[in-house]
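What follows is one structure encoded as structure tokens, with my remarks underneath.
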Amino acid sequence: MKPWEAVQPKVRLQYSSLTVWLLPCFADNYIFCIYNDEDKKTIVVDPGEGTVVERFLNQQGFFLNEIWITHHHSDHIDGVFYLKEKYACVVRGSVQISGRIPGVTLSVEESSFWEWGSFKVDVLNLPGHTRDHIGYWIYDKKHSLLFSGDVLFGLGCGRLFEGTFEQMKDSLNKIMALPKKTQVFCSHEYTGKNLEFTLSQAIKDTKIEMRESKIIESLRKGQPTVPLDLHEEMKTNLFLKALQSDSPLQEFRFLREKRDHF
């Protein structure tokens, strides 16, 4: 992308006073920009690239108030220092992330909770992909949004780089305990590849077959498969289905190891 070219969001979604944009970054990352019309504040989640965010904010006429980080991997944080220096904004991250990212100005953990206009925000500890991984759950009576980083993906879940299978199991169970209407904003467009893995398991399931058609059509049109519908994910994601089985940890581990070598 040339410096003068406009940033083209993949999608713009409205949830009462909140507007969410998906900003494409690198090969398959999403940076999320959230604007609340109630207090005119703008948040970005996991800015892997600072100039993409800056140019989009300039296009919209927004000022950046806060950055929310889910974990310390470079494709989620490489834009933090640039944006913090430019906007002097608050940077929220896990209490465990502070030593890894000196740019964090406000450490949060699962007990952290705040109100954002008519919405509430809860922090969820979601270790497994990394030890310091957290998610941000934004909700009101009508809407439920989870910014989940690299824990849950469309038809898949994150690799275990630092955490244990038990931790990832517990994190995914914590997500499944959220309202079924929850829209999950994961940070990568991995659904197509995860669909290939799902189909390779030769499982006959009409719900998966119906979703296969939707995914193929979306990707053909260049449309995102994010956000994910949590209820649909629980019915079609093999990793979540494994956790709902009689031997959840064993089946989940078996499946995750197969996916690692796919």
Side-chain angles (χ1 to χ4, degrees), residues 7 9 12-25 29-126 130 132-140 143-151 183-187 226-227:
V7 176
R12 175 185 184 276
L13 301 165
Q14 195 73 43
Y15 303 95
S16 298
S17 63
L18 294 185
T19 307
V20 183
W21 290 268
L22 277 64
L23 309 183
C25 175
N29 279 63
Y30 289 127
I31 301 170
F32 303 109
C33 181
I34 315 169
Y35 178 75
N36 192 336
D37 195 52
E38 292 178 291
D39 61 6
K40 312 302 181 186
K41 287 188 176 181
T42 306
I43 310 296
V44 294
V45 182
D46 287 351
E49 188 176 348
T51 54
V52 168
V53 174
E54 179 190 18
R55 286 159 58 194
F56 181 72
L57 295 176
N58 289 341
Q59 289 169 208
Q60 300 296 319
F62 292 161
F63 181 84
L64 182 59
N65 300 98
E66 295 192 18
I67 295 170
W68 296 353
I69 301 169
T70 62
H71 64 294
H72 71 274
H73 284 164
S74 61
D75 59 328
H76 294 252
I77 66 166
D78 276 359
V80 169
F81 290 109
Y82 179 82
L83 295 169
K84 181 185 175 185
E85 182 175 337
K86 183 171 184 63
Y87 297 99
C89 54
V90 171
V91 182
R92 297 184 191 256
S94 166
V95 293
Q96 298 183 56
I97 222 172
S98 299
R100 293 173 163 184
I101 309 174
V104 172
T105 61
L106 186 57
S107 296
V108 295
E109 55 188 332
E110 189 152 291
S111 59
S112 300
F113 164 86
W114 62 95
E115 294 185 355
W116 188 19
S118 58
F119 283 83
K120 295 177 173 60
V121 185
D122 278 358
V123 174
L124 304 180
N125 286 341
L126 300 173
T130 64
D132 54 35
H133 205 301
I134 59 175
Y136 298 88
W137 178 33
I138 307 176
Y139 58 96
D140 64 3
H143 302 292
S144 177
L145 318 177
L146 176 67
F147 293 84
S148 62
D150 288 358
V151 179
Q183 298 292 288
V184 181
F185 289 82
C186 60
S187 295
V226 178

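Just so it is clear, the model here is predicted, and its values are computed rather than measured.
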Exercise. Is it the case that D37 and S17 place a side-chain donor and acceptor less than 3.5 Å from each other?
Worked result: no
Problem set entry | Value rounded to 0.5 Å, distance of CD in E49 from NE2 in H76 | 13.5 Å
Problem set entry | From D46, V91, V104, T105, residue fulfilling side-chain contact (heavy atoms from CB on, under 4.5 Å) relative to I67 | V91
Exercise. Should the heavy atoms of other residues, nucleotides or ligands under 6.0 Å from CD of E38 be counted, would the total exceed 12?
Worked result: yes
Problem set entry | Atom of C33, atom of L23 and distance for their closest heavy-atom approach | CB-CD1, 4.4 Å
Seminar exercise, completed: Applying ring-ring contact (aromatic ring centres under 6.0 Å, His included) to H73 and not counting sequence neighbours gives H71, H129, F161
For this session: Carefully, step by step, assess V53 and Y87 under the rule side chain to side chain contact (heavy atoms under 4.5 Å, CB included).
Result: CA-CA 11 Å; V53 174; Y87 297 99; 5.8 Å; no
Exercise. Which value, rounded to the nearest 0.5 Å, describes the distance between D150 atom CG and D75 atom CG?
Worked result: 6.5 Å
Problem set entry | salt bridge (charged side-chain N to carboxylate O under 4.0 Å, His left out) involving D39 - partner list, sequence neighbours excluded | none
Problem set entry | Straight-line distance of I134 CD1 to L126 CG, nearest 0.5 Å | 8.5 Å
Exercise. Passes side chain to side chain contact (heavy atoms under 4.5 Å, CB included), R92 versus I69? Steps please.
Worked result: CA-CA 6 Å; R92 297 184 191 256; I69 301 169; over 6 Å; no
For this session: For F62, enumerate each residue passing the side chain to side chain contact (heavy atoms under 4.5 Å, CB included) test, keeping only those at least two apart in sequence or located in another chain.
Result: W21, Y35, T42, L57, Q60
For this session: Over all heavy atoms of both residues, which pair between N65 and K40 is shortest? Give the atoms and the distance, please.
Result: OD1-O, 4.1 Å
For this session: Classify the angle between the aromatic ring planes of W114 and W68 as parallel (below 30°), tilted (30 to 60°) or perpendicular (above 60°).
Result: perpendicular
Seminar exercise, completed: Residue set satisfying side chain to side chain contact (heavy atoms under 4.5 Å, CB included) with F113, at least two apart, ordered chain then number -> E115, K120, D122, Y139
Problem set entry | Those residues that, when tested against D140, pass side chain to side chain contact (heavy atoms under 4.5 Å, CB included) (two or more places apart) | S16, F119, K142, H143
For this session: Output the distance between atom OG (S94) and atom CD (E109), rounded to the nearest 0.5 Å.
Result: 8.0 Å
For this session: Name all residues meeting the side chain to side chain contact (heavy atoms under 4.5 Å, CB included) criterion together with P24; count only those two or more places apart in sequence or in a different chain, and write none if there are none.
Result: K10
Problem set entry | Point-to-point distance, once rounded to the nearest 0.5 Å, from OG of S144 to OH of Y15 | 10.0 Å
For this session: Measure across P47 and L83 and return the closest heavy-atom pair with its distance rounded to 0.1 Å.
Result: CB-CD1, 3.7 Å
Exercise. CD1/I138 to CD1/I43 distance, rounded to the nearest 0.5 angstrom?
Worked result: 8.0 Å
For this session: Apply the test side chain to side chain contact (heavy atoms under 4.5 Å, CB included) to residues L146 and L124: give CA-CA distance (whole Å), side-chain angles for both, the deciding distance (0.1 Å), then the verdict.
Result: CA-CA 9 Å; L146 176 67; L124 304 180; 4.0 Å; yes
For this session: Compare all side-chain heavy atoms of F32 with those of L145 and state whether any distance is below 4.5 angstrom.
Result: no
For this session: Report yes if the side chains of W116 and L18 come closer than 4.5 Å at any heavy-atom pair, otherwise no.
Result: yes
Problem set entry | From Y136, Y30, F185, residue fulfilling ring pair (Phe, Tyr, Trp, His ring centres under 6.0 Å) relative to F147 | F185
Problem set entry | E66 and K41: CA distance, side-chain angles, deciding distance, side chain to side chain contact (heavy atoms under 4.5 Å, CB included) verdict | CA-CA 8 Å; E66 295 192 18; K41 287 188 176 181; 5.6 Å; no
